[in-house]
Amino acid sequence: MSADPTSGGPLPADLLANLAAASRILADRGVVDAAGHVSIRHPDAPDRFVIARAMAPALVTPDDLMEFDLDGAACAGDGRKGFLERFIHGELYRARPDVMAVVHSHSPSVVPFGVVRKPLRAMFHNAAFLAEGVPVFDIRDEFGTTDMLVCDCARGSALARCLGRRPVAMMRAHGMVACGPTLELAVFRAVYTEVNARMQQAAEALAAGDPVEALEPEEGRLADVANEGAARRAWELWRTEVRERTGW
């Protein structure tokens, strides 16, 4: 029997607190409910990531965080139960060296766009990161009929290939994944993908068949430059709200 992977080293308390807060922020903003998860890549060990144990996101505290290697194995000494779909995170980190944080959710307004032949488009500047297109991962393409869960490395790798270099992908009849070079930006993208999906449904209802003038790819590229500042402001607000409730 092979030994459990070793830890990439201790993490600062404020980083762990921020990751736990991100989980609660996503619950506060209606992106996750009793399911869903957010992770960060270990800043000192790119082949390790940190995510909560299997539990409701709104209840996560810093003490609930676990460390895994990219194969989804818990680091030595941690026998707690991890999320079944932690392989989403490990394989995205393996495929994307630029990614430092990953969110997986069953975002309710986003899910419908994964089961209809209508693409999710960027409705406004805060969702400019969607303008380059949002791929849909259909697990049937490689694995046939399944339970829809990304529960091993092979399925996680297929999802990572579908995502490619983009920041967001949908998962047919399942949910979505968002990623970013920082925790703050990954959370921002997950939140505003959900907001954008609601806006698109409203816009198309108002249009009643007329064209909807969403952001074009180049508009999205230009507008997304400003999203880093917007993400920091949003994070400051959302993080303060969690800190006031929890004290960490």
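Not measured: the values here are computed from a predicted model. Start at 1 with the first residue, then count along the sequence.
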Worksheet item: Does Arg161 come within less than 4.0 Å of Glu142, counting only side-chain N to carboxylate O?
Response: yes
Worksheet item: Would you say Leu11 and His42 make side-chain contact, with heavy atoms under 4.5 Å?
Response: yes
Item to complete: Would you confirm whether Asp64, through its side chain, and Thr61, through its main-chain N or O, come within 3.5 Å as a donor-acceptor pair?
Response: yes
Worksheet item: Within the distance-only criterion (no hydrogens, no angle test), does the side chain of Arg96 pair as donor or acceptor with the backbone N or O of Gly164 below 3.5 angstrom?
Response: yes
Worksheet item: For the residue pair Val32 and Ala27, what are the closest heavy atoms and their distance?
Response: CG2-N, 3.4 Å
Worksheet item: What's the spacing between Asp71 CG and Cys153 SG if we round to 0.5 Å?
Response: 4.5 Å
Worksheet entry | Glu219, CD atom: more than 12 neighbouring heavy atoms under 6.0 Å | yes
Worksheet item: Same cluster for Tyr192 and Leu183 if Ile/Leu/Val/Met/Phe/Trp/Tyr side chains link at under 4.5 Å?
Response: yes
Response to the item:
For Gly9 and Ser7, the nearest pair of non-hydrogen atoms, with its separation, is N-OG, 2.9 Å
Worksheet, complete the sentence: When rounded to the nearest 0.5 Å, the distance separating OG of Ser39 from CZ of Phe68 is 10.5 Å
Worksheet item: Is there a donor-acceptor pair under 3.5 Å between the side chain of Ser107 and the backbone N or O of Ser109?
Response: no
Practice prompt. Group every Ile, Leu, Val, Met, Phe, Trp and Tyr by side-chain heavy-atom contacts under 4.5 Å, then state whether Phe87 and Ile51 land in the same group.
Written response: no
Fill in: Contact check, side chains of Leu70 and Glu91, non-hydrogen atoms, under 4.5 Å
no
Practice prompt. Would you indicate whether the side-chain heavy atoms of Val38 and Arg24 approach each other to under 4.5 Å?
Written response: no
Item to complete: Flag the pair Glu236 and Arg232 as a salt bridge only when some basic side-chain nitrogen lies within less than 4.0 angstrom of an acidic carboxylate oxygen.
Response: no
Worksheet item: Once the angle between the rings of His89 and Phe49 is folded into 0 to 90°, is it parallel (under 30°), tilted (30 to 60°) or perpendicular (over 60°)?
Response: parallel
Discussion item. If I take atom CG from residue Asp33 and atom OG from residue Ser105, how far apart are they, to the nearest 0.5 angstrom?
Written reply: 9.0 Å
Worksheet, complete the sentence: Distance col, row Met171:CE vs Leu149:CG, nearest 0.5 angstrom, shows 8.5 Å
Worksheet item: Taking all atoms of both residues into account, what is the closest heavy-atom pair of Ala131 and Ala122, and its distance?
Response: N-CB, 3.8 Å
Worksheet entry | salt bridge (Lys or Arg N to Asp or Glu O under 4.0 Å) between Arg245 and Glu241, intermediate numbers included | CA-CA 7 Å; Arg245 294 202 309 271; Glu241 292 171 344; 5.6 Å; no
Discussion item. Using only atom types and a distance under 3.5 Å, with no angle test, would you say the side chain of Glu67 pairs donor to acceptor with the backbone of Arg48?
Written reply: no
Worksheet item: Is there a donor-acceptor pair closer than 3.5 Å between any side-chain N or O of Arg80 and the backbone N or O of Leu65?
Response: yes
Discussion item. So does Pro167 get a backbone contact from the side chain of Arg189, meaning a donor-acceptor N/O pair under 3.5 Å?
Written reply: no
Worksheet item: For the side chain of Asn227 and the backbone of Ala230, is there at least one donor-acceptor N/O pair under 3.5 Å apart?
Response: no
Fill in: Minimum side-chain heavy-atom gap Val134-Phe113 below 4.5 Å
no
Worksheet entry | Main-chain N/O of Phe83 paired to Arg86 side chain as donor or acceptor, under 3.5 Å | yes
Worksheet item: Counting only heavy atoms not in Arg233, do more than 12 fall under 6.0 Å of its CZ?
Response: no
Response to the item:
On a heavy-atom basis, the closest approach of Ala190 and Val31 is O-CG2, 3.9 Å
Fill in: Short side-chain donor-acceptor distance under 3.5 Å, Asn196 and Thr193
no
Worksheet item: Any side-chain heavy-atom pair from Val102 and Cys179 closer than 4.5 angstrom?
Response: yes
Item to complete: Flag the pair Arg41 and Asp47 as a salt bridge only when some basic side-chain nitrogen lies within less than 4.0 angstrom of an acidic carboxylate oxygen.
Response: no
Worksheet item: Same cluster or not: are Val99 and Ile40 linked, directly or through other Ile, Leu, Val, Met, Phe, Trp or Tyr residues, by side-chain heavy atoms under 4.5 angstrom apart?
Response: no
Worksheet entry | Test log, rule side-chain contact (heavy atoms from CB on, under 4.5 Å), inputs Thr145 and Arg140 | CA-CA 6 Å; Thr145 301; Arg140 296 176 299 185; 5.7 Å; no
Worksheet item: Quick one: CG on Asp152 to CG on Leu84, what's the gap to the nearest 0.5 Å?
Response: 9.0 Å
Worksheet item: Would Met170 and Val111 satisfy side-chain contact (heavy atoms from CB on, under 4.5 Å), going step by step from the backbone distance to the final call?
Response: CA-CA 7 Å; Met170 289 180 290; Val111 168; over 6 Å; no
Discussion item. Side chains of Val177 and Leu92, heavy atoms from C-beta outward: is any pair under 4.5 Å?
Written reply: yes
Discussion item. Check for me, please, whether Leu159 and Val103 land in the same ILVMFWY cluster - side-chain distances under 4.5 Å, paths through other members count.
Written reply: no
Worksheet item: Any idea which heavy atoms bring Ala186 and Ala178 closest together, and the distance?
Response: O-CB, 4.2 Å
Discussion item. Please determine whether a side-chain nitrogen of the Lys or Arg among Asp63 and Arg53 lies less than 4.0 Å from a carboxylate oxygen of the Asp or Glu.
Written reply: no
Worksheet item: With no hydrogens and no angle check, is any side-chain donor or acceptor of Glu132 less than 3.5 Å from a backbone partner on Arg166?
Response: no
Worksheet item: Would you call His104 and His174 a side-chain contact if the rule is heavy atoms closer than 4.5 Å?
Response: yes
Worksheet item: Do Val191 and Leu130 belong together in a cluster built from hydrophobic side chains that touch within less than 4.5 Å?
Response: yes
Fill in: Minimal non-hydrogen separation, Ala128 against Ala223, with atom names
CB-CB, 3.6 Å
Worksheet item: Measuring from Arg239:CZ to Glu244:CD, what's the distance to the nearest 0.5 Å?
Response: 10.5 Å
Worksheet item: Do Phe124 and Met199 pass the side-chain contact (heavy atoms from CB on, under 4.5 Å) test, and can you show the C-alpha distance, the side-chain angles, and the key distance before you say yes or no?
Response: CA-CA 9 Å; Phe124 73 137; Met199 287 186 172; 3.6 Å; yes
Practice prompt. Evaluate the side-chain contact (heavy atoms from CB on, under 4.5 Å) criterion for residues Leu185 and Trp235: first the C-alpha distance (whole Å), next the side-chain angles of each, then the deciding distance (0.1 Å), finally the verdict.
Written response: CA-CA 8 Å; Leu185 195 55; Trp235 176 264; over 6 Å; no
Worksheet item: Can you find a heavy atom in the side chain of Arg172 that is under 4.5 Å from one in the side chain of Phe137?
Response: no
Discussion item. Would the distance check show the side chain of Glu85 and the main-chain N or O of Cys151 forming a donor-acceptor pair, the cut-off being under 3.5 Å?
Written reply: no
